[in-house]
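To start, the structure under review is shown below, and the notes come after it.
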Amino acid sequence: MVKNAFIFLILIGVAMILVNLFAGFTGNVDLGQIANHYVANGPAEVGSANIVTAVVVTYRGFDTLGEVTILFLSAAIVGFFLKIENTDNTERNLKYTSEILNTASQVLVPIMILFGVYVFINGHLSPGGGFQGGAIIASGLVLMFIAQPKKEIGHKLINIIESISGVGFVLMGLAGVLFAGGFLDNNVIGLGKFGTLFSAGAIPIIYIFVGLKVGSELTGIALSLKENQNEA
Amino acid sequence: MENSIVEIIGAFLVLIGSVFLFLGALGLVRMPDVFNRIQTGTKASTLGTFLTFFGLVFIMPEWWGKLILLIIFILMTNPVSSHVLARAAYCIKVPMFKKTVIDLYGKDAEKLFKKETKNE
Amino acid sequence: MLNIILAIFLGILIIVLAIMAVLNKNIVVAIIAAGAVSLFASVLYLILAAPDVAMTEAAIGSGLSTIIFFYVLNKINRQNG
Amino acid sequence: MVNKILFIAALIMMLAILLTLYRFFKGTTAADRLVAFDVMTVSSLSLIGLIAKFSDRIIYLDVAMVYGLLSFLGVIIVARYFEKGL
């Protein structure tokens, strides 16, 4: 009883704070100074139809590099702690997957991977980008793990793709330093025609590397969790 | 009015689709056990979504490519998920409705599960 | 008009599902409810005209995190017998 | 005319989502709740289609596609967990 009354008092206090906040709230109608600059000069400077992509890849490209590094670290830590130590080689007795799910997965997995590639190649025109496309590719591969448990994908292949795309991302950034204004500047190979697929300079190339890297990292996490189910 | 007849046909298709979605949800509330709910819910909601996107093709003719692609996705994924769900529900022995008359899957399933797990 | 009605509806739905995810005893139901929260949150982001965020929320919040939760839950169940 | 009919359709879809939410709450077993989740996501998929029509932007349909694929994947994962096949 006393405890409930205490919770009730806390709720009333939180409600009073929130009422004050709501009463003083006026929506931000105008853009801020930096946002105004991005919206006004973004299409001319970067050449990307999607302003969010311009901000994420070019203006704040260094932050994206940091995010990718964090993801790489977490994937490496998961792989380190979930090392497989299956000594007695006992085969797990899984319940068989049904014919319908098997056939559907054979049709759907290529379509999902293709859709992920579409999302990260069109990142400068439509919503989405490297991170989302990589997540879609990883979920397509997870569908394959579930529907066909016998199929093997090596960790080695995933690690090679991940390393190559990570190196490629950094090299594109350094190319920006050499041939354009600074690190991760996208004006390396010319901006192209605004609003077409081959435009916005280096953004599609950077997004291909980011997408492959994120997709292989998330797939690696799911794969080590799946292989680790064997141990008792 | 100012709308053409094709657009009004499309709008009515969307309305019929939403009614089907509603009926599916109503079946989800009214039916007595899991298997009946799977049957009403996923059948009616598949048809409802199909009709909604098909009606949007009439209203927005320039969007037809992506809408048809979405319809194909729905028609491919929705029956598969309901099948997997029903199989899992049978497998963990969710209690059936007490007026269930016949369980044709029962005898076959025992044999099938035993045989296939030995093969693996 | 429709946008305001939808936003209020989805907000209430998200709060209800989140309370359910916190208070439910059955852990499977709690995970499913958390996935439903992020699915409706992505619809809400779409109404607020942020399709990039909506796509991220749908892909990460409801897809991959649910998968990882279930793999871990399966492993814990296996270890406890 | 068209907009009014679509508005009514959106209201009916919201009502459908509310009914599935009732089943999600009450559902005596976990399988019941999973069925409710499935129907709920499919209903909100068509709601996204209507939102795209009202805001007149085709790019929202990309989001609808991602949404549909990943909710399908979620249902499959939980079902495989139930039958101990994960």
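What's counted below: heavy atoms across the whole structure, side chains too, no hydrogens, waters or symmetry copies.
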Under 4.5 Å from a heavy atom of chain A, the part of D:Leu70 involved: side chain
- line: Honestly, the part of A:Ile136 sitting under 4.5 Å from a heavy atom of chain D is side chain
- request: Can you tell which part of D:Ile76 gets under 4.5 Å to a heavy atom of chain A, answering side chain, backbone, both or neither?
  value: side chain
- line: Whatever's closer than 4.5 Å to a heavy atom in chain D on A:Tyr118 counts as side chain
- prompt: Of the backbone (N, CA, C, O) and the side chain (C-beta and beyond), which part of A:Leu101 lies under 4.5 Å from a heavy atom of chain D, both, or neither?
  reply: side chain
More than 12 heavy atoms of other groups within 6.0 Å of D:Tyr22 OH: no
Greater than 12 external heavy atoms within 6.0 Å of A:Phe72's CZ: no
Minimum-distance pair of heavy atoms, taken over all atoms of D:Leu69 and A:Phe115: CD1-CD2, 4.3 Å
query: Can you say whether D:Phe72 sits under 4.5 Å from chain A via the side chain, the backbone, both, or neither, judging by heavy atoms?
result: side chain
- prompt: Got a second to check how far D:Leu73's CG is from A:Ser105's OG, nearest 0.5 Å?
  reply: 11.0 Å
